[in-house]
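For reference, the structure discussed in these notes is given below.
Quick caveat, the model's predicted, so the values are computed rather than measured. So that the names make sense, note that chain A is the first sequence line, chain B the second, and so on, each numbered from 1.
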Amino acid sequence: MIVNERTGEALDAYYRELELPAGKLHVYANEELFRALDYQVFAMANNNLQIPNLTYMSYTPDVHVGVGTCIGTTAVWPSEGGFVSPSIVGSDIGCGMRVHLTNIHRDELKDIKLRRKLVKAIDRYLPAEEHARGHYSDIRLEHIVRKGLHGLPHKYVPDHYTPKKSTSLSHVESSRYSFDESVLDRFPDRVWHRAHRQLGTLGGGNHFAELQAVEIDERSRDVAESWGLFDGQVVVMIHSGSRAWGGAVSQYGSSELVKVMRKLGLGTADPKLVYAPLAEPAAQDYVHLLYSALNYAVTNRHLIAYAIREACREVLGTAFEMRTLYDLMHNYAWEEQQEGSVHFVHRKGATRALPAGHPDNPAPYLATGHPALIPGSMGTASYIMVGQAGGRDNYYSICHGAGRIRSRTATKKLVSVKDFAAALGVGTENEVVINHRTLEGLVDESPQAYKDVDQIIESVKGAGLAIPVAACRPLATIKGV
DNA sequence: ATGTGC
């Protein structure tokens, strides 16, 4: 029997080891979520398991079908003799979450007119319309993709906003993803131009920027308070990625690695599953480009937060302040050390959540574990969690969100605008204010398109991977299209 | 997810 080290309760109901024809798949989900899984996610796992030399593969409870690989996959190879797969990483490289803590209480935003005013101001500073353009002509894209946040002009890094490098609360704030920069020559001018224009924009789909109110989980109050959270605190949560830059990297990497597959006679039943040995020069080029997209993605989220700060200060005054709690990704691949050996870990729709004491935590979070940021669907809570020691066997991967259960077209057929409006509390004083005149174009993002995030959180907790520190309930939501 | 694509 597997037991949760912290609570001593049995984990069998939250974890399964499946023997598929091509190999072993580890699945983390409670009974109900496991039973609801589509057979296609197992068919997809069976394709992925055919890639040689795989050390480990698992699914999180929010797993659902993607292109080539399911969203909710952790796949690990040894660094020596391992493989990299652009399909497992996916096209929105570096997509992830960022949370800033503000110095205001939800009661200060009780007035719906004030929330509307804030959303209007944010809309001016943060372009969210179709083909949105950022307002950052003073930023050099080549500096961003090379150096991440270190490539930003100083004015975009105000005091108190991002802690000083030496005391940074986030490893992505203090580090850059270094790589062989000669690979950047691969992209034509139009890719550079588009990516430059898009810098600081939110993107569509499930991406969002949200003002939320904190509800601390009593069992984690010590951790929450040590991170600077308080009950009713307004936080800014951002879900975005590397926009068209990551897309270009993904496309280029896939087309180059398909050539390698042909040369080596590799392949599975799914032609959309692209992979190659890490030792191949084309694979190395892809990994370098992937790091440039991580630099882009983290800077993009930083600039979105910067725009929201400017807008909030315009409406609420310059006493309004927000500081970085954390920024972390859920679509990427990189090297990690575990038990003395180096692994190449892919996470697609999976979040790394390190427990207290793990050496990869940035120093300020060493004693507690770092915040793991999990978005909910529109109108529902998002969560700030912290990893547990029980996550070790899963390379400390947890869920990345609610997880889609219905296609966009199926959701549009099923869900009426009226139901969606009710889910957002439209017409009540607690209405989640949004930046769109009507909900019509956003129905495919309604909570009914997604699994119940509370069940996902319960699964992760029950399996001993992570525990909730705070629920963050939406007050206002900015969505792109 | 993507200024989506035969």
Under 4.0 Å between any heavy atoms, over every strand shown, what does [X] touch: base, sugar-phosphate, or nothing? Just pick one.
{"X": "A/R190", "value": "nothing"}
{"X": "A/G247", "value": "nothing"}
{"X": "A/N331", "value": "nothing"}

Round to the nearest Å and state the distance from [X] atom [atom1] to [N] atom [atom2].
{"X": "A/H207", "N": "B/dT2", "atom1": "NE2", "atom2": "C1'", "value": "10 Å"}
{"X": "A/L202", "N": "B/dA1", "atom1": "CG", "atom2": "C1'", "value": "12 Å"}
{"X": "A/R301", "N": "B/dA1", "atom1": "CZ", "atom2": "P", "value": "14 Å"}
{"X": "A/E129", "N": "B/dT2", "atom1": "CD", "atom2": "P", "value": "14 Å"}
{"X": "A/K479", "N": "B/dA1", "atom1": "NZ", "atom2": "P", "value": "8 Å"}
{"X": "A/I71", "N": "B/dT2", "atom1": "CD1", "atom2": "C1'", "value": "14 Å"}
{"X": "A/E130", "N": "B/dT4", "atom1": "CD", "atom2": "P", "value": "8 Å"}
{"X": "A/D92", "N": "B/dT4", "atom1": "CG", "atom2": "P", "value": "16 Å"}

Legend entry - Any A/R243 side-chain N or O less than 4.0 Å from OP1/OP2 of B/dA1: no
Inset, instruction - Could I get the full list of side-chain contact (heavy atoms from CB on, under 4.5 Å) partners for A/K24, not counting sequence neighbours? - result: A/E17, A/E19, A/H26
Inset, instruction - Kindly write out the residues that satisfy side-chain contact (heavy atoms from CB on, under 4.5 Å) with A/N53, not counting sequence neighbours, or none if the list is empty. - result: A/W77, A/F83
Inset, instruction - Find out whether the Lys NZ or Arg CZ of A/R186 is both under 6.0 angstrom from the six-membered ring centre of A/Y252 and within 45° of the ring's axis. - result: no
Legend entry - A/R133-A/H131 side chain donor-acceptor pair, cut-off 3.5 Å: no
